[in-house]
Chemist: 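Just dropping this structure here.
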Amino acid sequence: MATLTISEILRGCTPGRIQSVGYMQVIPLTATKDMTDDRIVSPAKMSSMRTTDYGSMSIKNESDKIMIVPSQAAYVVKQAAQDHALPHVGIIGKKKSKSFDTARCIQENQGGYISSGNHKMAILPFMLREPAHKERSERDYSKLWSAIRRLNNETKAGNIGNLVHFLDKFKDELDQFIAEFEPVPNQVGAIILINGKVVGVERAPNYEYWTEIWPALIRECYGSLALIEAKNNNGEIPVPKTRSVLGEVSSLADLAKAVKDAESRELENVRSVFGGVSETEMKRDGKDSGSSGLTIESLSHKRFVGQIVREDEKIIYGSLIATSKWRTNEDWYMAKSFSL
Amino acid sequence: MTTLVKSLVTVDNGQISIIPEARNDVRRAVVAFLDMASTATGQKTYYNTKKDQKDAMNDIHNAVFSINRGLYLAMLTLPGVMDNSIQSGITKIMKESRDDSSILTPNQEAEIVKLVSMNLKPTRLLKMLRMFKENRINKRSVRTFILSCVLGNKSLPWWCLKYRNLVKDVLRHAWGNKYSPVIVRAIVSKGNVTDKDRNLVKKCVDKYTKNSELSDTDIYESIAFAFGANFNFTNKLFKAFEKSKTDISAGKLLPPEVLEGIRGRYHKNTPKDKIFELTKNTATDKQKLKVQRKAKEANVEVKFNARNLDAVSLYVYALEMGMNEDIRKELDVKASIVAKSFPLKYDKAEIIVDNSASMGGTDANKNKPLAISLAMRDMLKDTCSHAGVRCTNGSVDALGMTNAGGDTSLALSVAEALQNEPDVLYIITDGYENAPAGRVHEVIDATRKIGINIPIYQFNPVMAAESSGVRSLSSHLSTMPVSKPEGIGLSLIRAAINQDVDKGLQALINSSMLRIAG
C-alpha cells in the first residue's frame, strides 16, 4: 500500500471517555492485551543517554527488551551541557547502544556535553516537531535554533534559541496539564484536540510505555500548544467548539440523563471532527531505518506528518501531528463547497 | 501575598475585633493559612515542587503574623495543624520580638509555645530546635527553652541514640561553640575538673535536669554519647550500641535504623533482613508498618498494632499490602470516634469519593490522597443515620477498599447522588475534574435553579500549600482542604471565617483558649 490512514494506524484501539479541560480535549485509546506488544520499552527507566559531540546522541538500552525512542524525544538536563533532542524515532536492540548523529541542539547559548545518565525525557513542544520532522535526516545540530527562537519570541520567552527559556517561563502552566489529564486503564494512545481540532494522534506499543511517555506528551508537546492557543484567546475562558454544555433540567429526575446526553453530544461532536480526518490517506515516504525486525516509516499529507514503527504491516508505534499549514487554514479546508 | 500592617486584629475582654477596612485582607490571609496549615508537609506533590511549597508557606506565614502575633500563635494550637507549620510558626515566634499588640499575654504565649512544641514528635521537635540555629536565633530565652526541652526529657538517652547529630547540633547551639567542648570534657572526666568547669556543668546542664526522671549518670552519658566522646558507658542502650559493633545480636535494644547503620558499617556481610528480626520489639508501629513489604519479601513476620496508627497510615498500608478484617475493625472504631466530634449532623447524606488516577499520589506519597479520602468517607458515614457512598471509578469491595485509576468524571455521580434527595452531599476530590472540567458546576447550577439548595461540601485531600489554593469544583459549594479526618474541625473554622470573618476568628480564638486550658 502506498498510503496509510489514521484509522489503519489505530487498528485494534477503542476510544475511551473524552477528557476535556480548557482548550484541550483528549480521547484516550485503549487496547486489549492481544493488541499490544510487551516486547517494547520506552527509554524512561532502563536507558542511559549522553552526547558525544554537538549533534551526536548516544543512548544505551539497558533492558532486555527492544527500545523505541519516541518521536522527537528531548533531554533537558541540569548539567552545564547543551540539551539535545532527536528529530525522529529511534529503535535500539536489547542491551545495545546506539549513536544518533542527527540529534539537534536545543540550547543555542550553552556549551558542553551531557554526561551519561538516566535523564528525564521530554518531547519537543508541538511547534518544534514539524520543523524537526521535515529535516530529520540532516546532520546539523543547529537546525532547530530558528524554530526555537520563533517559539520564544512568540511567547515572550526571549529571543535566543534556547528551549529552557520557554520551559522555565511556563513551568507552572505546563505542570498543570499533567494533573489535568489522567491516563486510564489499558490506555495505549490518544487523539488530541485543541479548540475542537485534531492536532495529534499517538499510539504506543503497550500500557506501561504509554504511561511513561504520556507526561512528556501532555506537558511539553501538546500542553505548549494549548497554552499558546489559550493566550491568543485574549484571556477569555477557553472552551473548545466540541465541548457541549448541560441541557435544560426541570427536575432532579432529569439530572443524570442530562449529564449522559451532554456526554453523548460531546462524543458526537468529536466523532464528527475525527471523522473528517480518520480516512486521510497519508503518503508513505519510505522506510527511514529499522532494526530488531522493526521498520521506521515516515508519513506525510498536507494535514499530518509523523512516523510509525511497524513489524511487517502491524503498527506498533505511531505519532502524527497536524501541520501548521493545515492548522492555519483548517476552517477553509473544512468549509463546505459552494452549491446552490 | 500582601504584607499587612500591625495590628489589624485586637481583643478586648475576650472579644475579637477587626479593623473594618482590613476584613477582606484578614479573611484571605487567615483562610490561606488554615488551608496551608492543615495540609502542607513541605514535600513535593503531584502538582508542586518542594521550593514552590516553601515559598508559598513563607508568604502565608508572614501575612498572618503581620496581622497579629497572638492570633498567629493561637492558630498553631488548632487540631489538625501539621507539624511542618508548627515548626515554622514557633521558629518565627522565637525569632521576632514581642510587642504590645499581641492579643495574647506573655504567659499565654509561653504556654502555647510549650504546649505545641511538646506535642511534636521528638524528631520534629529537635528539627525545630535546629531551625533556631539555622535562623541564628540565640536569645537567652531561646537557649533556656532548648536546654529544658532536650536535657529535661526522660527519653534523652533514646533520643541521643536515634537522633545523635540533631541532639549534638541543638545542644552546641544552646551552649555555644566555646563552652560545648568544655562541658563535654568536664562530664567525661567524672569529677576530675576545676571548680570553674564544674560550675559550668551546673549552670548549663544540672539547672535544666532538676525535675528529670533520669539519673545524673544517664544524662551525662547521653551528652557524652551525643558528642561522640570516648567513654566507658554504663547505660544499657549505649553499652548495646558499642557492643553491637562487634556482635550484631547485642543490638536488640537499639532502634532499627541505628542497628541498620551499624550493620552497614561493621557487619556488611550480615543480611539486612536480620535487622528486622533483631529489632522487632524496638521498632515503632509506624516503622513496622513501613517495612511490611520488605519484611514479607524477606519472609520475616513483623507485627504491628493497628490501634497505635492513624486511619490514613492504615489505609496507605492497606492500599499497598491489602486490607484485612482486623484493620477494618480498627478503622471503624477510629471513624466512629472522630465522627462524634464532627459538628455537622444530617439524617441522610450522600458521599462521593473521587478515585481517579491523580488520587494515587506520587512515588513519594503513594496512595496518600486516596487513603485520606477513604478515611474521610468512613468518618462522614458515621455522622449520619443513612449514608449513600459511591466511588467515581469502579466499585468498593466488602472491606471498603477501592483503587485509584482512570479519569475524573464526577458529574454523573453527583447527579445520581442528588437524585436520592439527601440532606447533604459530601464530595471528596482533589478538584481536578476532566471528564469534562466544569460539568459538576453545571449540574449543581441546574440543581440550584430548580430550587434544591441542600448544603454541598467539597473536601480536598491534599498535602500541599498549593500556590493557587485548593481547587474548587464549583462556586456553589464550600471547599475544605483535609489531610486527616481529625483535622476537619480546622476546615469548618475555615468555612465559618469565610462566611463571617469576625465570628469565625472568635471561634478560632475560643477553640485555642480551650485547648490551652486543657
Side-chain angles (χ1 to χ4, degrees), chain A residues 16-28 30 171-187 190 193 207 211 214-215 218 237-240 242-267 269-270, chain B residues 44-49 51-52 354-360 362 369 392-394 403-422 430-452 454 462 464 466-468 471:
Chain A
R17 181 162 48 201
I18 301 166
Q19 294 183 27
S20 177
V21 182
Y23 252 155
M24 181 132 57
Q25 287 175 301
V26 172
I27 307 169
T30 61
K171 183 188 171 300
D172 290 347
E173 288 100 320
L174 293 172
D175 283 346
Q176 288 291 314
F177 289 106
I178 298 181
E180 283 166 345
F181 293 92
E182 297 161 305
V184 303
N186 302 321
Q187 188 172 356
L193 291 90
Y207 173 67
T211 53
W214 175 239
I218 193 67
I237 298 167
V239 178
T242 35
R243 164 84 157 81
S244 66
V245 294
L246 201 72
E248 280 294 307
V249 173
S250 54
S251 74
L252 275 182
D254 298 339
L255 260 185
K257 186 175 178 301
V259 172
K260 285 178 190 163
D261 287 350
E263 196 175 303
S264 302
R265 280 198 306 279
E266 192 158 330
L267 181 62
N269 293 342
V270 171
Chain B
K44 78 167 187 175
T45 69
Y46 201 80
Y47 312 117
N48 294 104
T49 64
K51 187 179 176 302
D52 291 342
D354 168 7
N355 57 336
S356 65
S358 64
M359 301 295 278
T362 61
T392 54
N393 299 29
N403 288 311
D407 60 13
T408 311
S409 174
L410 284 159
L412 189 59
S413 298
V414 170
E416 287 170 349
L418 287 169
Q419 282 181 196
N420 287 343
E421 300 187 24
D430 59 16
Y432 281 84
E433 183 190 18
N434 60 21
R439 185 75 86 220
V440 168
H441 175 74
E442 290 170 28
V443 168
I444 298 175
D445 197 44
T447 311
R448 297 298 191 227
K449 280 179 183 156
I450 55 173
I452 311 291
I454 61 154
V462 291
E466 297 202 60
S467 345
S468 52
R471 275 212 170 194

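In what follows, chains are A, B, ... by sequence order, proteins preceding strands, each numbered from 1.
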Chemist: For residues B/A357 and A/P183, report the shortest heavy-atom separation together with the two atoms involved.
Modeler: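 Answer, listing the atom of B/A357 first, then A/P183: CB-O, 3.9 Å.
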Chemist: Measure distances from B/I450 to the heavy atoms of chain A and classify the residue's part below 4.5 Å as side chain, backbone, both or neither.
Modeler: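 Contact with chain A is through the side chain of B/I450 alone.
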Chemist: Heavy atoms only: give me the nearest A/E182-B/S356 pair and the separation to one decimal.
Modeler: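 Where A/E182 meets B/S356 most closely, the heavy atoms are OE2-OG, 2.8 Å.
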Chemist: So which of A/V249, A/L246, A/D254 has the biggest tally of heavy-atom pairs under 4.5 Å with chain B?
Modeler: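 Highest number of heavy-atom pairs under 4.5 Å: A/L246.
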Chemist: Say whether, by atom type as modelled, one donor and one acceptor occur between the side chain of B/N434 and the main chain of A/V21 under 3.5 angstrom.
Modeler: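 A pair under 3.5 Å: no.
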Chemist: Hey, could you give me the CD1/CG distance between B/I452 and A/L255, rounded to the nearest 0.5 Å?
Modeler: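 Reported value, rounded in 0.5 Å steps: 9.0 Å.
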Chemist: Any side-chain heavy atom of B/R439 within less than 4.5 Å of one from A/S244?
Modeler: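 Sidechains of A/S244 and B/R439: in contact.
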Chemist: Is chain A contacted by the side chain of B/L418, its backbone, both, or neither, given a heavy-atom distance below 4.5 Å?
Modeler: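 Both backbone and side chain.
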Chemist: Kindly give the heavy-atom pair with the smallest separation between B/A435 and A/R17, and that separation in Å.
Modeler: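 That would be CB-NE, 4.1 Å.
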Chemist: Tell me whether A/E180 is salt-bridged to B/R471, with the criterion being a basic N under 4.0 Å from an acidic carboxylate O.
Modeler: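 Judged by the 4.0 Å cut-off on N to carboxylate O distance, A/E180 and B/R471 do form a salt bridge.
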Chemist: Out of B/G451, B/G405, B/S409, B/S413, return the one with the most heavy atom pairs under 4.5 angstrom to chain A.
Modeler: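 Winner by heavy-atom pair count: B/S409.
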Chemist: Salt bridge (Lys or Arg N to Asp or Glu O under 4.0 Å): which pairs involve residues 410-422 of chain B, sequence neighbours left out?
Modeler: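 For residues 410-422 of chain B, and leaving out neighbouring residues, the salt bridge (Lys or Arg N to Asp or Glu O under 4.0 Å) pairs sorted by first residue read B/R390-B/E416.
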Chemist: Using only atom types and a distance under 3.5 Å, with no angle test, would you say the side chain of B/Q419 pairs donor to acceptor with the backbone of A/A256?
Modeler: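 The answer is yes, because a donor-acceptor pair under 3.5 Å joins these two groups.
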Chemist: How long is the gap from OG on A/S250 to NZ on B/K449, to the nearest 0.5 Å?
Modeler: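 Spacing of OG (A/S250) from NZ (B/K449) equals 13.5 Å.
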Chemist: Determine yes or no for a side-chain-to-main-chain donor-acceptor pair under 3.5 angstrom, with B/E442 supplying the side chain and A/V245 the backbone.
Modeler: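 No, because the side chain of B/E442 does not come within donor-acceptor range (under 3.5 Å) of the backbone of A/V245.
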Chemist: For A/A258, is it the side chain, the backbone, both, or neither that has a heavy atom closer than 4.5 Å to a heavy atom of chain B?
Modeler: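 Contact with chain B: none, neither part.
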Chemist: Given a strict heavy-atom distance threshold of 4.5 Å, which part of A/E266 is in contact with chain B: side chain, backbone, both, or neither?
Modeler: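 Only the side chain of A/E266 comes within 4.5 Å of chain B.
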